[in-house]
2 protein chains.
Amino acid sequence: MKLNSPIPADDATRHQLLEAAGEVFATVGFRDATVREICRLAGANIAAVNYHFGDKERLYAEVLRYAQQKAIEKHPPLLGVSPDAAPEKKLHAFVLSLLLRILDKGPTAWHGKLMAREMIEPTTALDSLVEERIRPMADQLQKIVSEILGCPMNDERLQPCAFSVVSQCLFYKHCHPVILRLFPDQTFEPAGIARLADHITRFSLAAMTHLSEAKTTKLK
Amino acid sequence: MKLNSPIPADDATRHQLLEAAGEVFATVGFRDATVREICRLAGANIAAVNYHFGDKERLYAEVLRYAQQKAIEKHPPLLGVSPDAAPEKKLHAFVLSLLLRILDKGPTAWHGKLMAREMIEPTTALDSLVEERIRPMADQLQKIVSEILGCPMNDERLQPCAFSVVSQCLFYKHCHPVILRLFPDQTFEPAGIARLADHITRFSLAAMTHLSEAKTTKLK
DNA sequence: TGACGTGTCAAACAAATGTTTGAATCTTGT
DNA sequence: ACAAGATTCAAACATTTGTTTGACACGTCA
């Protein structure tokens with residue numbers, strides 16, 4: 001046992017376990033993932049998980065942090081756009097980076113799946129994740145929306161509009177299986193993602209800049 | 001064994017098994033749900049599942065159909081609105097019924113959760129569900145959107161806009177845990193659901209009626 | 001009444017799986 | 001080079017869980 005060792009972090013098998021576990025947890029979920037499969041994929045012994053992380057549950061928690069961190073590093077919320085650019089451009093950057101973060105292929109792919117699973121069946125790991133990672137991004141988006149609407153930060157329309165923006169992005173992740181079955185020719189390579197970002201930004205901008213106009217008052 | 005019996009359907013324990021299984025599958029997922037717990041909740045013997053449904057997997061498939069059917073019966077896609085009403089009203093009815101279907105409390109509650117799980121980890125049961133239940137609703141929505149946009153049914157903007165509408169609804173189901181952690185005072189009782197429907201409808205109408213206007217062309 | 005089919009029950013079976021164990025191997029500092 | 005600690009390994013353990021089995025209860029119909 002080493003448990004409270006002075007943060008080795010460069011441990012090779014520990015790192016490989018994180019990668020392998022991310023892969024497996026993302027594709028089959030926490031319960032269906034077996035430590036045997038994870039260890040096999042990591043080229044480690046069956047006892048490696050318990051030795052390095054204590055048990056399967058703590059391994060999962062660490063994988064979640066690891067994944068979120070790597071995803072945000074790869075696709076920061078505003079890409080390269082400067083904070084004092086036009087709010088329309090910031091919105092577009094926010095949307096595009098979010099889409100890339102959750103739809104991107106490659107080793108960062110499983111971050112989105114893990115989060116989607118966490119939505120449905122939250123573990124204790126979600127609480128800290130929301131506070132440390134998600135709330136800052138939510139604040140950032142609300143600020144952008146407030147600039148577009150031209151309203152103060154405590155306006156009650158802010159939160160619903162921000163939700164409307166992110167929901168359109170997450171949809172393509174959370175409903176992927178149904179989308180593929182409904183429209184098999186839907187495409188999700190980088191070019192397709194850019195097209196999605198354009199639509200979502202245009203749709204949301206059109207909505208928010210004309211939201212307070214009349215005509216839509218009596219819906220019942 | 002009875003297997004291909006002449007549709008008893010009035011079987012008491014069979015029905016109780018469906019209800020109990022829906023409850024359990026929805027709260028803990030397919031894999032974490034144990035046959036023992038389902039049978040205990042249904043007041044049946046451990047062997048009841050295998051006797052009535054063959055195995056756990058076929059029970060799950062039947063539960064999924066059962067849940068979807070009950071949910072659509074309770075909240076039909078257009079509520080009471082006539083098919084030749086104004087497209088704005090039809091859109092509002094569509095949104096509200098969808099929200100009610102996925103957020104409603106009570107015995108129909110687990111339908112939405114089951115579907116959300118199916119999104120993340122599709123089973124073979126999803127294929128038929130998409131064709132029989134979801135595609136008709138998707139067609140219905142695209143028709144409404146085409147009336148609002150004033151374009152033919154093969155317009156390429158149709159599908160993205162329809163997605164933007166449903167995504168805003170599903171968001172409140174798929175991201176419930178995060179929403180509650182971000183804004184603990186968010187409310188989901190009937191009045192709150194009605195308010196959500198109003199916002200989503202207004203937002204989407206504003207977007208679609210002003211989508212083709214200029215100004216939003218250069219986002220990069 | 002008595003055989004028969006249907007449904008229920010408790011018990012047991014077989015497989016999968018997270019975890020532990022104790023020895024073997026490698027690494028490191030002196 | 002050597003001892004001490006860290007790491008890896010194969011094997012075994014204990015528990016959970018879906019499924020099966022064979023006996024039993026109950027209604028139905030000839």
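Chain naming here is simple, since letters A, B, ... match the order of the sequence lines and numbering starts at 1 in each.
With salt bridges taken as basic N to acidic carboxylate O contacts below 4.0 Å, none links Arg31(A) and Glu121(A). Taking 4.0 Å as the cut-off between side-chain N and carboxylate O, Glu37(A) and Arg40(A) count as a salt-bridged pair.
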*Let me see the working for Glu156(A) and Arg195(B) under salt bridge (charged side-chain N to carboxylate O under 4.0 Å, His left out), right down to the final yes or no.*
CA-CA 12 Å; Glu156(A) 60 179 1; Arg195(B) 228 171 306 133; over 6 Å; no

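Less than 6.0 angstrom separates the ring centroid of His176(B) from the ring centroid of Phe188(B).
A pairwise comparison of heavy atoms in Val145(B) and Cys161(B) identifies CG1-CB, 4.0 Å as the closest pair.
In this model, the phosphate group of dT8(D) is approached by a side-chain N or O of Thr13(A) to a distance below 4.0 Å at OP1 or OP2. Within the structure, a side-chain polar atom (N or O) of His52(B) is placed less than 4.0 Å from OP1 or OP2 of dT8(C).
When the P atom of dA24(C) is taken as reference, atom OH of Tyr51(A) falls 18 Å away, rounded to whole Å. Atom-to-atom, CG of Leu59(B) to C1' of dT19(D) comes out at 14 Å; the value is rounded to the nearest Å. What separates CG of Asn45(B) from P of dA10(C) is a distance of 6 Å, to the nearest Å.
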Quick test: give all pairs of protein nitrogen or oxygen and nucleotides 16-19 of chain C nitrogen or oxygen below 3.5 Å, distance rounded to 0.1 Å.
residue : atom : partner  : partner atom : Å
dG18(C) : OP1  : Ala33(A) : O            : 3.1
dG18(C) : OP1  : Lys56(A) : NZ           : 2.9
dG18(C) : OP2  : Val35(A) : N            : 2.9
dG18(C) : N7   : Arg36(A) : NH1          : 2.9
dG18(C) : O6   : Arg36(A) : NH2          : 3.2
dT19(C) : OP2  : Asn50(A) : OD1          : 3.3
dT19(C) : OP2  : Lys56(A) : N            : 3.0

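Tested against Val95(B) for a side-chain contact (heavy atoms from CB on, under 4.5 Å), the candidates Ile144(B), Ile200(B), Leu141(B) yield a single pass: Ile200(B).
Counted by atom type alone, Gln168(A) and Ser167(B) present zero donor-acceptor pairs between their side chains at under 3.5 Å.
With sequence neighbours excluded, the residues satisfying side chain to side chain donor-acceptor pair (under 3.5 Å) with Ser97(B) are Arg101(B).
Two end axes, each from the C1' atoms of five base pairs, can be drawn for the helix from dT1(C)-dA30(D) to dT30(C)-dA1(D); they diverge by 10°, to 10 degrees.
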